[in-house]
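Just below is one structure, and these are the notes that go with it.
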Amino acid sequence: GAADRGALAWLCYDALVHLVLEGSFVYFSLVGNVADSEGLIASLWKEYGKADARWLYFDPTIVSLEILTAVLDGFLALFLIYAIVKEKYYRHFLQITLCVCELYGDWMTFSPEWLIGSPNLDTDDWLHFWVYLVFFNGVWVLIPGLLLWQSWVELRRMHHKGTRLGKKLQ
């Protein structure tokens, strides 16, 4: 259906971002830092670093989270694509797991920063705050939230279907 096609489009984008963009960030951070790196992807991270300076230099919390999300979330997204396309029974288990990981990643990216007064976030510049921080990170809250809701509805539907079937067999 349309919801699954939308989920597949999102998951392709999600896997690409985790594996390529965030994977590159991890590499830049482990061999040096983003601020001193060259190339197209490094320039994207430098631009984002204008909104959140932790991405320019080695921040252990950010790098730790990105190692986890680049690898775990990237491959979970790929496995979930397979599970949706092949209509595997474990699809919603993977979907819930990935969504919780995405939400955890966003929370752990920003919660520590908020607790210390957000010194690394540029909240004065409209573009940096509303587009880079709120919109780009909000997408990773909104869409996983919608996918969690989709899994909840589907699991509830399967439970009711199984319950009705069980009552008919009694």
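Side chains included, hydrogens not; waters and symmetry mates left out as well; all remaining heavy atoms used.
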Checklist outcome for this item: Interatomic distance, CZ@R5 vs CD1@I84, rounded to 0.5 Å, equals 12.5 Å

Checklist entry - Is L155 close to I96 at the side-chain level, that is, under 4.5 Å between some pair of heavy atoms? => result yes

Checklist entry - Can you check side chain to side chain contact (heavy atoms under 4.5 Å, CB included) on D14 and E102, steps first, answer last? => result CA-CA 10 Å; D14 190 42; E102 301 282 15; 2.7 Å; yes

Checklist entry - Below 4.5 Å, heavy atoms only, C-beta onward: do L16 and L21 meet side chain to side chain? => result no

Checklist entry - Hey, does T109 have a side-chain heavy atom less than 4.5 Å from the side chain of T61? => result no

Next on the checklist: Can you classify the ring geometry of W140 versus H18 as parallel (below 30°), tilted (30 to 60°) or perpendicular (above 60°)?
Outcome noted: perpendicular

Checklist entry - Do the side chains of F135 and L121 join up, straight or via other hydrophobic residues, at under 4.5 Å, putting them in one cluster? => result yes

Item to check | Euclidean distance, E47 CD relative to Y132 OH, rounded to 0.5 Å | outcome: 3.5 Å

Item to check | Reported CD-to-SG distance for the pair Q150 and C99, which is rounded to 0.5 angstrom | outcome: 9.0 Å

Checklist entry - Can you hop from L19 to L80 via hydrophobic side chains spaced under 4.5 Å? => result yes

Item to check | Chi angles and distances behind the side chain to side chain contact (heavy atoms under 4.5 Å, CB included) call for Y27, E22 | outcome: CA-CA 9 Å; Y27 173 77; E22 292 177 350; over 6 Å; no

Checklist entry - If you group Ile, Leu, Val, Met, Phe, Trp and Tyr by side-chain heavy-atom gaps below 4.5 Å, do Y48 and V139 land in one group? => result yes

Checklist entry - What is the distance from atom CG of L65 to atom CG of D73, rounded to the nearest 0.5 Å? => result 10.0 Å

Next on the checklist: In this structure, would V85 and Y89 fall into the same cluster of hydrophobic residues linked by side-chain contacts under 4.5 Å?
Outcome noted: yes

Item to check | side-chain hydrogen bond (donor to acceptor under 3.5 Å, both in side chains) between S118 and E113, worked out | outcome: CA-CA 5 Å; S118 305; E113 186 68 6; 5.2 Å; no

Item to check | Shortest non-hydrogen contact from G23 toward A70 | outcome: N-CB, 3.8 Å

Checklist entry - Is there a chain of hydrophobic side chains (I, L, V, M, F, W, Y, each step under 4.5 Å between heavy atoms) that links V71 to L103? => result no

Checklist entry - Mind checking what makes side chain to side chain contact (heavy atoms under 4.5 Å, CB included) contact with A35, not counting sequence neighbours? => result N33, L56, Y57

Next on the checklist: I need the minimum non-hydrogen distance between G74 and A15, along with the two atoms involved.
Outcome noted: O-CB, 3.9 Å

Item to check | F25 ring center near W55 ring center (under 6.0 Å) | outcome: yes

Next on the checklist: Tell me whether the rings of F110 and W114 are parallel (<30°), tilted (30 to 60°) or perpendicular (>60°).
Outcome noted: parallel

Checklist entry - Side-chain contact, heavy-atom cut-off 4.5 Å: L94 with K88? => result no

Checklist entry - Between T69 and C101, does a side chain to side chain contact (heavy atoms under 4.5 Å, CB included) hold up when you go through it step by step? => result CA-CA 8 Å; T69 59; C101 287; over 6 Å; no

Next on the checklist: Aromatic contact between Y13 and W10, with the criterion being ring centroids under 6.0 Å apart: yes or no?
Outcome noted: yes

Next on the checklist: Let's go through R91 and D4 carefully: what are the C-alpha distance in whole Å and the side-chain angles of both, what is the deciding distance for side chain to side chain contact (heavy atoms under 4.5 Å, CB included) to 0.1 Å, and is it a yes or a no?
Outcome noted: CA-CA 11 Å; R91 177 254 176 102; D4 282 348; 2.9 Å; yes

Checklist entry - Side chains of L133 and H128: closer than 4.5 Å at any heavy-atom pair? => result no

Checklist entry - How about F129 and D122: do any of their side-chain heavy atoms sit closer than 4.5 Å? => result no

Checklist entry - With the threshold set at 4.0 Å, does a side-chain nitrogen-carboxylate oxygen contact exist between D36 and K46? => result no

Checklist entry - So do the side chains of L147 and L98 get within less than 4.5 Å of each other, counting heavy atoms only? => result no

Checklist outcome for this item: In short, Y90 meets A83 closest at the heavy-atom pair CE1-CB, 3.7 Å

Next on the checklist: With no hydrogens and no angle check, just 3.5 Å: does a side-chain donor-acceptor pair link S151 and Q95?
Outcome noted: yes

Checklist entry - Under a 4.5 Å cut-off applied to non-hydrogen side-chain atoms, are V63 and D59 in contact? => result no

Checklist outcome for this item: Those residues at least two apart in sequence (or on a different chain) that pass side chain to side chain contact (heavy atoms under 4.5 Å, CB included) with F93 are T97

Next on the checklist: What's the separation between atom CG in L11 and atom CD1 in I81, rounded to the nearest 0.5 Å?
Outcome noted: 5.0 Å

Item to check | Atom pair CG (L30) and CZ (F58), whose distance is rounded to the nearest 0.5 Å | outcome: 6.5 Å

